[in-house]
> 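There's a structure below that I have some questions on.
Start at 1 and go down the list; that is how both ligands and their atoms are numbered.
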Amino acid sequence: MAGSGFVGEEIRVESPDVVYTDTDILSYYNYNDSRIRGNVVTPTTERLVFKTQRQLPKTGLLLVGWGGNNGTTLTAGILANKLNITWNTKEGLNHPNYLGSICKSVTMRVGIDDRFMPVYAPLNNVVPLLNPNDLEIWGWDISSVNMGDAMRRAKVLEWDLQRQLYSNLKEMLPWPSIYIPEWIAANQSDRADNCLKGTKLEMVNTLRQNIKDFKNSRRLEKVVIVWTANTEKFAQIRPGVNDTADNLLRSLENNSSDISPSTMFAIASILEGCTYINGSPQNTFVPGCIELAERYHVLIAGDDFKSGQTKIKSVLSDFLINSGLKLQSVVSYNHLGNNDGKNLSAPETFRSKEISKSGVIDDVVRANRLMYRADESPDHCVVIKYVPYVGDSKRAMDEYISEIFMGGRNTIAMHNTCEDSLLAAPIILDLVILAELCTRVLVKRDKDEEFTKMHPVMSILSFLLKSPQVPPGSPIVHTLFPQRYAITNFFKALIGLPPENFMLLEHKVPSLRMSKTVYA
Ligand SMILES: NC(=O)c1ccc[n+]([C@@H]2O[C@H](COP(=O)([O-])OP(=O)(O)OC[C@H]3O[C@@H](n4cnc5c(N)ncnc54)[C@H](O)[C@@H]3O)[C@@H](O)[C@H]2O)c1
Ligand SMILES: O=P([O-])([O-])O[C@@H]1[C@@H](O)[C@H](O)[C@@H](O)[C@H](O)[C@@H]1O
């Protein structure tokens, strides 16, 4: 629709720097930045070439912890969308949707029209992205309950919707999984009736066979594996045990107690060439695991889905500090009554979550040496309580206190109630869709001969994760909008468009509105 400020169909770039072949999109891209030496700043330009496969592969999604609130809610939600199942509540008729997914519900600015006004397009019309309705889904759980009864157990979705999905879901039985009690809360033992036996190596090989059989039986080209099982305690990083890929594999063969179930899943995924995403806060990606992913060029991402309280914190801390208000105290409390909350009621598993929820203000504080000394940071307290009665409906209460002009104080208090799994499920979807896109992208410097994959640690997914994994030595960005623009600017680079600069100079420099349109 001309002049509507919106493009509802797949956009196509016309530029000498963008070539659409039958199989790929080739974009010749100027990556501009500036290099600082002392107080001397030098603009830099690196000519890159991105090659993005256009063909969408038949893709499978394997969920570890499939029978949990997130796993069942995601599976049920995709099925409801696929079958277009509507359901009644006291408010009336409800339709399936993908609200909460940036790949399915968000647009991005792609440029300006002839009136110099912004034009937006859905993310999935900018570069080819998987349709979640096409995903083949299966998974593992230490609980043998079928997905229909697990959906009922989760108590997340409205009964009229559950009723219509149950017959499909009850046929889905999770594969047995790895249960090593000391890695999660003892209160999880009552659901662990679906557990593999044998040595750690034997169990990893069983997981690998599960993956192979799933891939072959469904004729899949790709499989993405997501850990949405319970939060584990942190693993000790031990030299000679899990500090290198070879030591990690040798420790697996030696049945080392230092290797967690989540790291065993990561090893199986990597050895089967499957992208692996850690949706929980534990340190699955011990150094040896990252090295293994680098060795096999298998993409990994983590940690801990960023769904509610932490997402808000990443925005508020950015707003306060980057408005020159000195944030001095952040207290994040929440209680919830789902099984995640039950597992987090144990000190060691809570500690994993406390670490991932606490790090989110670090980058914005560290970036401001005007207000914060190197050894100074706001008080930051995280509290999570398990209250069975509220179920999946997490009640979060936060307080932010900042010092303001001339000795003043600014206190922001907020209350947030939401079904935690209805926030997390679309985030899992985005992680899968964006991770799959990353597997289709190759890049090289224009002057180089060979294309290469991007670094296996997908820091581009930081927008979706509380405690983002980044390539060794890379900075961690927590603030939400830079994370989001990292994704949309990446999309623009893949089709040869310049990054968002927010300058709107056409509306600040009158002569720009007179100049002929100059196509790059
Ligand atoms: N908003 C959210 O729901 C949210 C946000 C961020 C992170 N997370 C994390 O996502 C994970 C899942 O959350 P949830 O609400 O679905 O929890 P849940 O307890 O409902 O589901 C976890 C599932 O994992 C299973 N499980 C445990 N150990 C396993 C293993 N070794 N192998 C296979 N299955 C195993 C359990 O039986 C359970 O069915 C948790 O770690 C949670 O901290 C959730
Ligand atoms: O994403 P977020 O709302 O900051 O954090 C949430 C925690 O507050 C909650 O207690 C936990 O059960 C969820 O797994 C999630 O991690």
Side-chain angles (χ1 to χ4, degrees), residues 62-75 100 139-145 147 150-151 153-156 174-181 183-185 187-196 203 207 226-232 260-265 277-282 284 302-314 332-345 349-350 352-354 356-358 360 382-387 390-398 416 418-428 431 464-467:
L62 288 177
L63 294 168
V64 189
W66 192 20
N69 283 29
N70 288 348
T72 53
T73 301
L74 178 62
T75 306
W140 299 267
D141 204 293
I142 57 174
S143 163
S144 62
V145 171
M147 290 305 110
M151 170 181 64
R153 174 176 63 185
K155 300 178 185 169
V156 174
W175 293 317
S177 189
I178 299 167
Y179 176 55
I180 305 173
W183 286 97
I184 56 177
N187 61 35
Q188 295 300 306
S189 59
D190 57 2
R191 65 196 281 155
D193 64 352
N194 195 34
C195 307
L196 290 172
M203 291 195 277
L207 302 183
V226 178
W227 174 279
T228 182
N230 285 126
T231 294
E232 297 173 329
S260 67
S262 64
T263 298
M264 292 164 71
F265 270 95
I277 297 167
N278 174 32
S280 296
Q282 74 276 347
T284 298
D303 300 311
D304 207 3
F305 309 129
K306 182 159 65 180
S307 52
Q309 209 170 31
T310 304
K311 208 163 203 168
I312 293 169
K313 189 179 295 178
S314 66
S332 290
Y333 161 92
N334 79 72
H335 64 266
L336 74 174
N338 58 21
N339 190 60
D340 180 23
K342 183 178 178 183
N343 179 64
L344 290 172
S345 63
T349 47
F350 166 71
S352 298
K353 187 66 76 171
E354 183 182 35
S356 83
K357 284 175 70 82
S358 301
V360 74
V382 171
V383 178
I384 298 174
K385 291 299 177 189
Y386 175 52
V387 179
V390 301
D392 199 67
S393 176
K394 175 182 68 183
R395 282 93 205 290
M397 282 154 250
D398 290 76
N416 174 15
C418 66
E419 287 86 353
D420 232 11
S421 305
L422 295 179
L423 284 179
I427 288 168
I428 298 174
L431 283 163
L464 301 155
L465 295 158
K466 289 196 195 62
S467 183

> For N338, is at least one N or O under 3.5 Å away from an N or O on ligand 2?
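No, since none of the N or O atoms of N338 sits under 3.5 Å from an N or O of ligand 2.
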> Would A229 count as a polar contact of ligand 1, with the cut-off being nitrogen or oxygen pairs under 3.5 Å?
yes
> Heavy-atom pairs closer than 4.0 Å: do any link ligand 2 to the side chain of D420, the backbone, both, or neither?
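For D420, the contact with ligand 2 is made by the side chain alone.
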> Between D304 and ligand 1, which residue portion shows a heavy-atom distance shorter than 4.0 Å: side chain, backbone, both, or neither?
side chain
> For ligand 2, indicate whether the residue T231 contacts it via side chain, backbone, both or neither (heavy-atom separation under 4.0 Å).
neither
> Have a look at ligand 1 and work out which part of K394, if any, has a heavy atom under 4.0 Å from it: side chain, backbone, both or neither.
neither
> Under a 4.0 Å heavy-atom limit, does K353 contact ligand 2 with its side chain, its backbone, both, or neither?
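Only the side chain of K353 comes within reach of ligand 2.
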> Do R153 and ligand 1 have an N or O pair less than 3.5 Å apart?
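Among all N and O atoms of R153, none is under 3.5 Å from an N or O of ligand 1.
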> Under 4.0 angstrom from ligand 1, any heavy atom of K466?
yes
> Nearest protein heavy atom to atom 27 (C) of ligand 1, by residue and atom, and its distance?
N230 OD1, 3.1 Å
> Taking only residues two or more places apart in sequence, or in another chain, which ones meet K342 in a salt bridge (Lys or Arg N to Asp or Glu O under 4.0 Å)?
D190
> Under 3.5 Å, N or O to N or O, is N338 touching ligand 1 that way?
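It does not: no N or O of N338 is found under 3.5 Å from an N or O of ligand 1.
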> Does the distance from a Lys or Arg side-chain N to an Asp or Glu carboxylate O, for K353 and D304, drop under 4.0 Å?
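Looking at D304 together with K353, the answer is yes, because their closest N to O distance falls below 4.0 Å.
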> Give a yes/no on ligand 1: does L423 have at least one heavy atom closer than 4.0 angstrom to it?
no
> Would one find an N or O of Y179, backbone or side chain, under 3.5 Å from an N or O of ligand 1?
no
> Numbering the atoms of ligand 1 from 1, which are under 4.0 Å from a heavy atom of W227?
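Every atom of ligand 1 under 4.0 Å from some heavy atom of W227: 31 (N).
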> Mind checking whether S143 has an N or O less than 3.5 Å away from an N or O of ligand 1?
no
> Of the choices D340, N343, L336, which has the non-hydrogen atom that lies closest to atom 14 (O) of ligand 2?
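The nearest heavy atom belongs to D340.
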> Using a plain distance cutoff, I'd like to know if P281 has any nitrogen or oxygen under 3.5 Å from a nitrogen or oxygen of ligand 1.
no
> Any idea which atoms of ligand 2 are less than 4.0 Å away from a heavy-atom of K466?
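Contacts of ligand 2 toward K466, numbered from 1: 1 (O), 2 (P), 4 (O), 5 (O), 15 (C), 16 (O).
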> What residue and atom, counting heavy atoms only, is the protein's closest point to atom 16 (O) of ligand 1, and at what distance?
N70 N, 2.8 Å
> Can you sort out which atoms of ligand 2 are near I384, meaning under 4.0 Å from one of its heavy atoms?
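The atoms of ligand 2 under 4.0 Å from a heavy atom of I384 are 10 (O).
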> Does N334 approach ligand 2 within less than 4.0 angstrom via side chain, backbone, both or neither, non-hydrogen atoms only?
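Within the 4.0 Å criterion, N334 contacts ligand 2 through side-chain atoms alone.
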> Tell me which part of K353 gets within contact of ligand 1: side chain, backbone, both or neither, using heavy atoms under 4.0 Å.
side chain
> Quick one: does ligand 1 sit under 4.0 Å from the side chain of W175, the backbone, both or neither, non-hydrogen atoms only?
neither
> Decide whether an N or O pair under 3.5 Å exists between K357 and ligand 2.
yes
> Please list, in number order, the atoms of ligand 1 under 4.0 Å from a heavy atom of G67.
39 (O)
> What I want to know is whether G308 and ligand 2 share at least one N or O pair that is separated by under 3.5 angstrom.
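Yes.
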> Can you list the atoms of ligand 2 that are under 4.0 Å from a heavy atom of L344?
11 (C), 12 (O)
> Could an N or O of ligand 1 be found under 3.5 Å from any N or O of A424, whether backbone or side chain?
no
> For W140, what residues pass the ring pair (Phe, Tyr, Trp, His ring centres under 6.0 Å) criterion, not counting sequence neighbours?
W175, F265
> May I ask you to identify, for S177, whether its side chain, its backbone, both or neither come under 4.0 Å of ligand 1 on a heavy-atom basis?
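It is the side chain that gets close, since no backbone atom is under 4.0 Å.
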> Would N69 count as being in polar contact with ligand 1, using the rule that some N or O on each side must be under 3.5 angstrom apart?
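Yes: some nitrogen or oxygen of N69 is under 3.5 Å from one in ligand 1.
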